[in-house]
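What follows is a set of notes on a single structure, which appears directly below.
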Amino acid sequence: MMNRKNALAAGVAATLALGAVSMVATQSAAAPRPAATAGTSVARPGAGFRAMSADVRSEAIRTAVRNAAATARALGLGSDERLVVKDVLIDADGSRHVRYDRTYRGLSVIGGDLVVHLAEDGGITGSDLAHQGAIRIAGTTPKLTAADASARAVKHARHVKRAKADSKDSTLVVYAVGKIPVLAYRSTVTGEGETGPASRQAVIVDATSGVPLDQYELHQSATGTGNGVTVGQVSIETTQTAGGYTLTDAAHGGTIVYDSYNSPQSNPKQNARTFSKTTNSWGNGTSSSRESAAVDASYGLAKTWDYYKNSFNRSGIRNDGRGARAYVHVDNSLVNAFYDDDCFCMYFGDGSSQNGNTPVTALDVAGHEMSHGVTAATANLTYSGESGGLNEATSDIFGTMVEFSAGNTGDPGDYYIGEKLNMSGGYMRRMDNPAADGSSLSCWNSGAGSADVHYSSGIGNHFFYLAAEGTGAKTIGGRSHTGTTCNNDTFTGIGKDKAAAVWYRALTTYMTSATNYAGARTATLQAAADLYGTNSQERYLLSKAWAAVSVGTALPDPGTGTPTPSPTTPPGGNALANGGFEQGTSGWTQSDSIITNSSLQTARDGSWYAWMMGYGADAVESLSQSNVAVPSTGAPKLTFWLKVSTQESGSAAYDTLKVNVNGTTLATYSNANAGSGYVQKTVDLSAYKGRTVKLDFAGTEDTYLSTVFLLDGIAIG
């Protein structure tokens, strides 16, 4: 078979509160990449989530379970596929948004998640799928054994020393990130890695060839140092017992804080014990008391819960009313904190001499980490490539919003991340000016998907700051902020609460594991249309903020109907937008996940290209751009680079790629044009001089053998 189109897959969890406090007791028992996501979403009125009781949510989930088979048929999924309900959100107008995972013959499908949107009467109004269409693979019998897969996973594991894997931790899955799903193994590899001496990596290999398909951390983390100021005196919820009090927060789902007693990071629960005492006063505001870090953790987790509840009617991180467990004093000299979705746990290190032995328990850190749990329970954004940057940005956004919402005078809200951790630069990241740290990206570029997710998150962070605050210099929370843009534009923001509401709706309603930055723009603009209207000033300003970080173009001003300047205006006289695909899907309409930066094929220039066909089965695809203004002078022409590879033989045209302009075919290429590299093609457009046209590349493949058409560097001039 030819190389199959795959991108980067999916995992989740990740990385990233302080002070002298007293508390109030609760006298009760503890409570028991490649490709952007395509879809058929439509704007819906009456947006804004309805408060749901546990009974209402349970009944909504039961209804979704009962309808799962019918929904699968309506979406055109295969007979071997099953939908597994993950969550249901209900809008104020009764519309529902059901999030599903997929299985294929009982195997989990990585990249198979989807969201189905329904009207109040239960009719489907739209859908967003990480993988379009039915899952089709040759079979579910692997050529490799689980032991073989484990050995391949160890061999291919990147950045892991003394790696090892057990065959019992290698599971058959269907890997559907990209155009053609494949049977694969997901193996857990342990060793010394970027997250510490007990790194756990998921490595996915093809179950037939052993070729590596993806790798991601199971414990994602961010390391920081800081200056260590406290949040001051605060109140926390505790539970009174017969012998005194414990750090069990019954008001927030039974959240419990444990003392890890410096258990190793590989097993942070090894020596763990609960915090309990006869009085209800905890800590002394310094690390000399083990209780001080525990208070920070309890306060941070409670404020995170409160933010999601008050802002979005979300009952806990997983929206199921359960509080997470938290462990402080993990390991020795650990300058780190991390969230683990597998155990629904939060871990905090004590810091080291690097940061004045300040516990890594800042308020925005707790909000950041627990927000990884929200992402895991909703879009489950892949923790690699651009979706990994979005995952991290989501946690920075909501960690920042938790800090603002807490209203703590000792730690006022700002757009700096980890400013309380005694870091040499004074912060971990800055949302207003991400590039100020020397590593983070402030503007999207074609290499964003290859950057560390903690650096590519800067694009999302920068967008959110500009959307919330607009451009220009400001002092926020006592800290200097500068709203510079990548295109020298100036505009006002819509306010942080509105910007956060848009991001939350986009995350929970439209994003999937495969969403990239172009897809995030689409999702947030749809969310803004839902919340504020298609022609709202809020939606317009959000588009300005995306353009200001080099993602897409600004929408026309609803007040004037005039398009605003955009950083993505095609250079060099090219009438096409994003002709080289280096801005992802921006400007193009695709029938499937065609535009990609997958390493399984190569671009002519840059990292991105269009991959059409290659199924080896009956299929059609389309890649188009509308409202293209053909030059009115000279001899206008269409030029592009084309590479054709095929399993067919002979000169008969079994599989074709047609170039259509306004529905008329001007050129046809086929398997007979196969060659070893890219060849530049030219199509005369003189007949369309001075006209506005639709350009369409239409691919068709027959039942047998595959042909791949790769496109890059498309221009009209």
Side-chain angles (χ1 to χ4, degrees), residues 443-446 485-489 518 521 540 543-544 546-548 550-591 594-595 603-610 612 622-644 656-669 673 677-699 709-717:
C443 310
W444 185 91
N445 63 56
S446 60
T485 64
C486 308
N487 61 346
N488 299 315
D489 197 5
R521 176 184 180 274
Y540 163 64
S543 76
K544 297 263 282 182
W546 278 121
S550 301
V551 179
T553 62
L555 298 172
D557 187 337
T560 65
T562 303
T564 55
S566 162
T568 56
T569 299
N574 188 358
L576 288 170
N578 189 26
F581 305 112
E582 295 306 307
Q583 294 171 28
T585 61
S586 178
W588 294 93
T589 298
Q590 53 183 354
S591 61
I594 292 171
I595 298 171
R604 169 60 170 71
D605 296 296
S607 302
W608 290 74
Y609 56 97
M612 300 190 69
S622 175
L623 178 68
S624 64
Q625 192 165 141
S626 301
N627 300 317
V628 180
V630 178
S632 59
T633 59
K637 59 186 177 181
L638 164 70
T639 59
F640 58 94
W641 291 90
L642 174 66
K643 179 180 178 181
V644 183
T656 63
L657 178 71
K658 295 183 178 181
V659 180
N660 300 324
V661 174
N662 286 351
T664 300
T665 300
L666 301 186
T668 300
Y669 308 94
N673 298 110
Y678 281 91
V679 177
Q680 191 172 38
K681 303 294 183 180
T682 301
V683 178
D684 182 24
L685 296 181
S686 297
Y688 300 91
K689 183 184 296 187
R691 296 171 58 184
T692 298
V693 302
K694 177 182 179 181
L695 171 67
D696 177 59
F697 291 90
F709 299 95
L710 303 182
L711 295 164
D712 204 354
I714 306 174
I716 290 179

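Hydrogens, waters and symmetry mates play no part in the numbers below; they use all other heavy atoms, side chains included.
The minimum heavy-atom distance linking S586 with A518 is given by the pair N-CB, 4.4 Å. What you find for N662 and V693 is that their closest heavy atoms are OD1-CA, 3.3 Å. When all heavy atoms of N488 and T485 are compared, the pair lying nearest together is N-OG1, 2.9 Å. Nearest heavy-atom pair, D696 versus S624, reported as atom, atom and distance to 0.1 Å: OD1-CB, 3.5 Å. Scanning all heavy atoms of the two residues, the minimum distance from A548 to N487 falls at CA-OD1, 3.5 Å. Nearest heavy-atom pair, L576 versus V628, reported as atom, atom and distance to 0.1 Å: CD2-CG2, 3.7 Å.
To the nearest 0.5 Å, atom NZ of residue K658 and atom OG of residue S622 are 12.5 Å apart. Taken to the nearest 0.5 Å, the CG atom of L710 stands 11.0 Å off from the CE atom of M612. For the atom pair CD1 (I714) and CG (L623), the distance works out to 6.0 Å, reported to the nearest 0.5 Å. We find the OG-CZ distance between S632 and R691 to be 13.5 Å, quoted to the nearest 0.5 Å. Put simply, CZ on R521 and OG1 on T585 are 9.0 Å apart, with the number rounded to the nearest 0.5 Å. Note: I594 CD1 to T589 OG1 = 10.5 Å, rounded to the nearest 0.5 Å.
Using a 30° and 60° split on the angle between ring planes, W588 and F581 fall in the tilted class, from 30° to 60°.
Between W641 and Y609, the ring centre distance reaches or exceeds 6.0 Å. No close placement of the F709 and F697 rings is indicated, their centers lying 6.0 Å or farther apart.
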Let me see the working for T664 and Y688 under side chain to side chain contact (heavy atoms under 4.5 Å, CB included), right down to the final yes or no.
CA-CA 11 Å; T664 300; Y688 300 91; 3.8 Å; yes
For L642 and L657: C-alpha separation, side-chain torsions, deciding distance, then whether side chain to side chain contact (heavy atoms under 4.5 Å, CB included) applies.
CA-CA 10 Å; L642 174 66; L657 178 71; 3.9 Å; yes
Side chain to side chain contact (heavy atoms under 4.5 Å, CB included) between L685 and L666, worked out
CA-CA 9 Å; L685 296 181; L666 301 186; 3.8 Å; yes
Check the pair Y669, V679 against side chain to side chain contact (heavy atoms under 4.5 Å, CB included), reporting the backbone distance first and the verdict last.
CA-CA 12 Å; Y669 308 94; V679 177; over 6 Å; no
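In this structure K637 satisfies the side-chain contact (heavy atoms from CB on, under 4.5 Å) test together with T639, T682, sequence neighbours excluded. For T665, the side-chain hydrogen bond (donor to acceptor under 3.5 Å, both in side chains) partners two or more places apart in sequence, or in a different chain, are N660. For T692, the side-chain contact (heavy atoms from CB on, under 4.5 Å) criterion is met by N627, not counting sequence neighbours.
Shown here is K689, whose NZ atom has more than 12 heavy atoms of other residues, nucleotides or ligands within 6.0 Å.
One N or O on the side chain of Q590 and one on the backbone of I595 form a donor-acceptor pair closer than 3.5 Å. Not a single donor-acceptor pair under 3.5 Å links the side chain of N578 to the backbone N or O of G587.
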